[in-house]
Protein chains: 4
Amino acid sequence: MRYTLGCHLAYEVKQETLFIFNLEVAKLKRHVDLTESLSLSPDLPVRRYTVPDLGNRYAAVLVPAGAFSLDYEAEVTLDVLRGDPGGIGEMAVADLPLDILPYLLPSRFVSSDRLAPYALAEFGEAPKGFERVNRICNWIHDHIAYQRGASDEETTADETLLKRAGVCRDFAHLGIAFCRALGIPARFVSCYAYGLVPCDFHAVFEAYLDGRWWLFDATRQANLDGLVRIGVGRDAAEIAFSTPFGEMTPTGMEIRIARADGAPEAGPRTTDAISTEEPAPNAGAA
Amino acid sequence: MRYTLGCHLAYEVKQETLFIFNLEVAKLKRHVDLTESLSLSPDLPVRRYTVPDLGNRYAAVLVPAGAFSLDYEAEVTLDVLRGDPGGIGEMAVADLPLDILPYLLPSRFVSSDRLAPYALAEFGEAPKGFERVNRICNWIHDHIAYQRGASDEETTADETLLKRAGVCRDFAHLGIAFCRALGIPARFVSCYAYGLVPCDFHAVFEAYLDGRWWLFDATRQANLDGLVRIGVGRDAAEIAFSTPFGEMTPTGMEIRIARADGAPEAGPRTTDAISTEEPAPNAGAA
Amino acid sequence: MRYTLGCHLAYEVKQETLFIFNLEVAKLKRHVDLTESLSLSPDLPVRRYTVPDLGNRYAAVLVPAGAFSLDYEAEVTLDVLRGDPGGIGEMAVADLPLDILPYLLPSRFVSSDRLAPYALAEFGEAPKGFERVNRICNWIHDHIAYQRGASDEETTADETLLKRAGVCRDFAHLGIAFCRALGIPARFVSCYAYGLVPCDFHAVFEAYLDGRWWLFDATRQANLDGLVRIGVGRDAAEIAFSTPFGEMTPTGMEIRIARADGAPEAGPRTTDAISTEEPAPNAGAA
Amino acid sequence: MRYTLGCHLAYEVKQETLFIFNLEVAKLKRHVDLTESLSLSPDLPVRRYTVPDLGNRYAAVLVPAGAFSLDYEAEVTLDVLRGDPGGIGEMAVADLPLDILPYLLPSRFVSSDRLAPYALAEFGEAPKGFERVNRICNWIHDHIAYQRGASDEETTADETLLKRAGVCRDFAHLGIAFCRALGIPARFVSCYAYGLVPCDFHAVFEAYLDGRWWLFDATRQANLDGLVRIGVGRDAAEIAFSTPFGEMTPTGMEIRIARADGAPEAGPRTTDAISTEEPAPNAGAA
């Protein structure tokens, strides 16, 4: 499916500010025929860095005091892989590629070490594999209220569990924490999300099952086969859409994604297993 | 200087356990003429992974129930770079290579976001560069008691600050947190430490100044020019010397390092600027 | 029912230490025909204070360096009040006596403010009154593992919920937190507990329903009609059996309680509503 | 000195709400010739409770949906006791009246147990008595920024220490925590504060020294001899000026205090030792 998407961000910069943006479509094999443009006003030099293997694209701009805005436009065909949920099992930790290990460890907002007893008590006996991660998502969807303002940029997964409320970022952190606590590698994904209402940058997560990363969205608010990835990381800290160093105030923000053929959104949301990632390189070979 | 070093670890494994060890000397250009041997008892297959660029070496071993031990022996010449502390300044965030960015972000045990006000209040006005990081180390040395048992494997930098006590791991986390909060990239280093009494795996940290990683040890317990690196990471989570998945009990542990020529420890500890890392690749080029 | 009970505590005092003990049977109307003796070795002066209304008895002893022990023996008839659980409802907050208010507020280990969303989500729709508090106890019993060593003297109710494990103190704190969060006054009770195996100082809680304090034990380990009260307070901080100021090490501790007639423990544990408290004085009158 | 003071509070009540107010001048011997009036609009019945010994006055009002306002007016002569700071020492814990004990224990927002190492490291060697508590206040004043919005109603003393910012409530909690950690009983005081700009409900604290409660204000914003007490408690939880149970929105709030003779504020703020409390009853007698 081909999508057209983009965003408009505006800021009032009070003192010279370095922005590190991470909002362009990730460089992935399954992102096909990408066309895009990034324009800044005023026009300023951009320093760029793409993370090897992951495809996250960082753009650094040093902005002087004054009004500043950014417009990003892209069109891309999303060539998702569909799997049979019933056939996707877990891997023993002993069989995981060793370069996947960091995604088993706790990170700033994913306190999987603190949440291990909770995860084991709730999901320790669940059928392993796609089914177990799906149950984690259902549990989060049923127990955590989606509520703007319930969290802030320092909220951790264990706090979300206590508060019983959060936004997509928190849903993803909690899902990742439960997975890691159970020995399932998991990581944070930021994206443009087809079907999300109202449209916004979205956060979901990936779990590593049977040698491949599979997508999960515990908010159940977007189409899993309509997620155009921006970045992937240990947690939200690594892939904020904008990391500013300086003094500024956001003054505007619009995000959009639609089918490139202009057709309306297709019916019900899929419950298929969806992946946009290639299998990991065989890093764990003896 | 050439060092001979090694460790002996023993475990009683109750149920099949996957160990991921990270205790071999890192693959670095400044680790010269490395000779080494790793032996396991019983002899078991080892899966290996070396992290590109960083040189951390992971060894995974699946161990059946029963007694298990590991012996590592190595000899290596440490070709440190010495700098003039007075000439080492900070880089503006806008000038940092973009692949260094993750070391500015908070991580599981380095709550640099929570500690930002504290760091700014204590060190915001200090002279920038090597001098500022040195002051951070002096402050930690003067304010935090080195005390075994004061912390555990979930202790974060802000907890150490409140408890006013910790071990080398906690001193490093706090130093890293203050640096990151001030816009100085910093990361966690595990090592064999010449001069440390009693000998143990040691933890120090590196701060990124003037385009290179420089070593700092807020415990002031080892020689900065006698640190043979094992691994480097965001914080202790990433480079534990042993990450076990299974049920086991440690039953023995010995670590050693000495000058290969058998000479006694040289006089007072250096206050030079010491680095064993090459400058970062030019990832930040426009 | 008449009980014989007591305790033996021993300490090695390193530097002069003030002990404030709270281990004698509380002064309550329903504690009938109390006979008791407290002996110290060495024999030292005791300063005493009994809290008005509550009946908690504090005994302060200043102990010089050396071995120190305390023996307490008591016999008391426990005249419990039994209620019909089905007939015990909640009071509207507007109808509560105002001197009960402190037991609605969060305290050091009872983070009822942080746990309010959790309590509302789990128990907000439960039938009000004795039944609701009973469900809270069942939920705690089913979700929290009784596990020595899972907590320490700084553990709060929200931490217990995350750790899914604790001891009687933690079970009581969590029960109190859920009650307060729902608008039900609740407080911490320390006691000698007939039927507890192995015997120890026990902690349970009271909830204020229909104008009277009713006993609840989320551990389900003791007989509700065999709890001889020592003290009552906001949480464990207020009624530790021993609060030492100084340097000492506990060297021995034995607690015992048995039926005074020597009969063996009677059959199954009661699920009745049990109270040993008189209704609150009419503090809330207009 | 005679003061005239008062407050106006207004609310939009959405669903029937029980308000428990604690804003009337406390019943104290040193509050002389108190005249006052409390008027509600609409006029509603008030249930009252005055805490024995402490003098805190609670007023409960059940308010139906709609606009609601409260006006309180009072005039009182404040007969403060002045002491000589140099002559006010600390009492050994062994000499404290036992009914003072609760003010040595940690409470919800006063995490004196967690802050004990910090308190000992900073103030363990300070001269004991009034001087030590004064140093604590100076330290807080120098290290914590007075900043509206830096904290919320769940902020604890250890969080304030990390954030290096707070409001009067947080300054008081931190001062109390340091005192308790050092063995000095301390408690939270809410008051009308002559000299505070802009005028608001104020929070200070009392430390128990040489058998009497003495006032301290780590914010240094009000006159110690111009504090007309409302309430006293373990911490802010116990003496909020308004504790609402229900759904409502505050719509207005004005607080005022002035000299009854209309004279302008007298010169510099006193650094005397000031007390408005009688010595504790001799609860600790053997």
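Just so we're on the same page: letters track the sequence lines, and every chain starts at 1. These figures come from a predicted structure and were not determined experimentally. Keep in mind that the numbers below use all heavy atoms, side chains included, and drop hydrogens, waters and symmetry copies.
For the pair Tyr58(A) and Asp99(B), the minimum side-chain heavy-atom distance is 4.5 Å or more.
Of the residues Val110(B), Asp113(B), Leu105(B), the one that meets the side-chain contact (heavy atoms from CB on, under 4.5 Å) test with Arg108(A) is Asp113(B).
Heavy-atom distances place the side chain of Arg234(A), and not its backbone, under 4.5 Å from chain B. For Asn56(A), no part lies near chain B; criterion is any non-hydrogen pair under 4.5 Å. With a threshold of 4.5 angstrom between heavy atoms, Pro106(A) approaches chain B through its backbone and through its side chain. The contact between Phe109(A) and chain B is made entirely by side chain atoms (from C-beta outward), counting heavy-atom distances below 4.5 Å.
Most heavy-atom pairs under 4.5 Å with chain A, from the set Thr243(B), Thr17(B), Leu101(B): that is Leu101(B). Taking Val61(A), Asp95(A), Asp235(A), Val51(A) one by one and counting their heavy-atom pairs under 4.5 Å with chain B, the maximum is reached by Asp95(A).
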Verify side-chain contact (heavy atoms from CB on, under 4.5 Å) between Leu104(A) and Phe245(B), making sure each step is shown before the conclusion. CA-CA 11 Å; Leu104(A) 270 185; Phe245(B) 297 87; 3.9 Å; yes
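Here the side chain of Arg47(B) pairs a donor or acceptor atom with the backbone of Ala94(A) at under 3.5 angstrom.
Distance check: Leu98(A) CG to Ile20(B) CD1 gives 5.5 Å after rounding to the nearest 0.5 Å.
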